[in-house]
Protein chains: 2
Amino acid sequence: MGRRERKKAATRRALADAALRLFLDRGFDRVSVRDIAEAADVSTTTVFKHFPSKEALLFDQDSDREAALIAVVRDRPEGVSVPRALREHTLRVHSDGAGDPGMARFIELTESTPALREYGRRMWMRHETALAAAIAEATGAPEDDPGCAALAHFALETVGFARGRADARQAIEAAFALLEHGWPAAG
Amino acid sequence: MGRRERKKAATRRALADAALRLFLDRGFDRVSVRDIAEAADVSTTTVFKHFPSKEALLFDQDSDREAALIAVVRDRPEGVSVPRALREHTLRVHSDGAGDPGMARFIELTESTPALREYGRRMWMRHETALAAAIAEATGAPEDDPGCAALAHFALETVGFARGRADARQAIEAAFALLEHGWPAAG
DNA sequence: ATAGAAAAGTTGAGTCGTTGCACTTTTTTA
DNA sequence: TAAAAAAGTGCAACGACTCAACTTTTCTAT
């Protein structure tokens, strides 16, 4: 890795670190991009050469959540249905977030700021097509089967549904119960 | 209704009309709020006294879609399940949109502009709690039952799922099939 | 009827996110 | 080693939106 790429990565990390620190300190809306640029000692224009938007400064470490989702579907134990495997994974990730205090602060920041909520949702929903393809392959359906796409969409959307609800765990379980067994025949 | 409120309503309509005309003509991103203000012969700050954002200029005639949703759940014929009633309603609204050419242009505008897609989704999802309450009442569940909330969320989200897909009708049907009967036991 | 409260509109200056253009620096290639 | 390509940086600017101060219009209470 050349000197150039090293410097680039350094300023990138400096920007993301400064942004996280300032956002946690003052709140997203009370920090301007100019503040972040100054804290990292670059010009505001440079910020946007590294990140496409102000929100993106916070969602830098995205990476391999998509791979985890696909693995969950493909490597589920015998006799475990796809929605059940996704339910376990969602609940696991959810309680992991509550464990780490740094992660908890991050989550509280994103959920209390509308712009970040929206952005986070969009980033999360980007995995829909990949997850749909994984489900289709796991069940032998055609790759663009709309039923698989619907399950992928709703399973991902579950975290958006649980967000802001009093009992998030219960919400996730209720949502997946609906996806697994359907609406009770009575109503 | 006094002269004052009449004038206020008049400038409001003038702004919304000018905005719709200019947006359809040039596209959302190629029209500035200044342009709209000038076309309606008011100052740009006045625009924001009437509408909270540029996007809101387009979604003015929201009104009674929520009432329609609730009526669909409450007044469904005997023996028709809630998700089935919502499915019929969704499909009906969808094909209505394709019929009216003015509505078709409106839909094409909103779907081709990311900012408008997001805004439209948010407006639509605002009906979630009201719909959840209607479902709870129709089925005798407690008002904040998470299962009812989940069905409301997913049923509304169906239009976001179908958006941008090749066969929207098929997507809506697949999504509601999942909500009605659950994921097939095999996978 | 008239004074005064309240609301609508205007204006102008300003903030903030974001982009285009010009410039410098670094890396690659001939 | 010179030239070209690429990447980084910064200034100025645009567009959405806000704030504060002020004018004009409408409503209300005496």
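What you see is a predicted model; the values in this text were computed from it and never measured. By convention in this document, chain letters (A, B, ...) are assigned in the order of the sequence lines, proteins followed by strands, and residues within each chain are numbered from 1. These values consider heavy atoms only, across backbone and side chains, with no hydrogens, waters or symmetry-generated copies.
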Please tabulate, for side-chain N and O atoms in residues 8-19 of chain A, each donor-acceptor pair with protein atoms closer than 3.5 Å (sequence neighbours left out).
| unit_1 | atom_1 | unit_2 | atom_2 | d |
| --- | --- | --- | --- | --- |
| A:Thr11 | OG1 | A:Lys7 | O | 3.4 |
| A:Thr11 | OG1 | A:Lys8 | O | 3.0 |
| A:Thr11 | OG1 | A:His50 | NE2 | 3.4 |
| A:Arg12 | NH1 | A:His50 | O | 3.0 |
| A:Arg12 | NH2 | A:Asp60 | OD1 | 2.8 |

May I have the list of side-chain donor-acceptor pairs in residues 113-121 of chain A shorter than 3.5 Å, sequence neighbours left out?
| unit_1 | atom_1 | unit_2 | atom_2 | d |
| --- | --- | --- | --- | --- |
| A:Thr113 | OG1 | A:Leu109 | O | 3.1 |
| A:Arg117 | NH1 | A:Glu111 | O | 2.6 |
| A:Arg121 | NE | A:Glu157 | OE1 | 3.4 |
| A:Arg121 | NH2 | A:Glu157 | OE1 | 2.9 |
| A:Arg121 | NH2 | B:Glu157 | OE2 | 3.0 |

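Judged by distance alone, with hydrogens and angles left aside, B:Lys7 brings no side-chain donor or acceptor close enough to the base of D:dT25 to form a pair under 3.5 Å.
Side-chain contact check for A:Val159 versus A:Ile172: every heavy-atom pair is 4.5 Å or farther apart. You'll find the side chain of A:Asp100 stays beyond 4.5 Å of the side chain of A:Phe106, heavy atoms only. Between A:Arg21 and A:Asp25, every side-chain heavy-atom pair lies at or beyond the 4.5 Å cut-off.
Annotation: of the two residues near DNA chain C, A:Glu55 and B:Thr11, the 5′-most nearest-nucleotide partner is B:Thr11.
Near DNA chain D, meaning a heavy atom under 4.0 Å from it, residues 28-40 of chain B has B:Val31, B:Ser32, B:Val33 in order of number.
Relative to the side chain of B:Thr46, the nucleotides C:dT18, C:dT10, D:dT18 differ in distance, and C:dT10 lies closest. Closest to the side chain of B:Val42, from the set C:dG9, C:dT10, C:dT18, is C:dT10. In the set D:dT18, D:dG10, C:dT19, D:dG10 carries the atom at the smallest distance from any side-chain atom of A:Ser43.
Taking side-chain N and O atoms only, B:His50 has a distance below 4.0 Å to OP1 or OP2 of C:dG9. The phosphate of D:dT9 (OP1 or OP2) has no side-chain N or O of A:Thr45 nearer than 4.0 angstrom.
As rounded to whole Å, 15 Å separates atom P of C:dG17 from atom CZ of A:Phe51. The interatomic distance linking A:Arg6 (CZ) with D:dA7 (P) rounds to 17 Å, in whole Å. Computed from coordinates, the A:Leu116 CG to C:dG17 P distance equals 12 Å when rounded to whole Å. Residue A:Asp41 contributes atom CG, which lies 14 Å from atom C1' of D:dG8 at whole-angstrom precision. A straight line from CG of B:Leu15 to P of D:dA16 spans 14 Å, rounded to a whole angstrom. For B:Leu22 and D:dG15, the CG to C1' distance is 16 Å, given to the nearest whole Å. Following rounding to the nearest Å, A:Leu57 (CG) and C:dT18 (P) show an atom-to-atom distance of 9 Å. The NZ-P distance, from A:Lys49 to C:dC21, rounds to 11 Å in whole Å.
A salt bridge is absent between A:Arg87 and A:Glu173: the closest approach of a Lys/Arg side-chain nitrogen to an acidic carboxylate oxygen does not fall below 4.0 angstrom.
Contact annotation for B:Lys54: backbone-only contact, meaning every heavy-atom pair under 4.0 Å involves sugar-phosphate atoms and none involves a base. The residue A:Thr44 sits apart from the nucleic acid: no heavy atom pair falls under 4.0 Å.
Hydrophobic cluster membership is shared by B:Phe176 and A:Leu151, with clusters built from Ile, Leu, Val, Met, Phe, Trp and Tyr side chains linked at under 4.5 angstrom.
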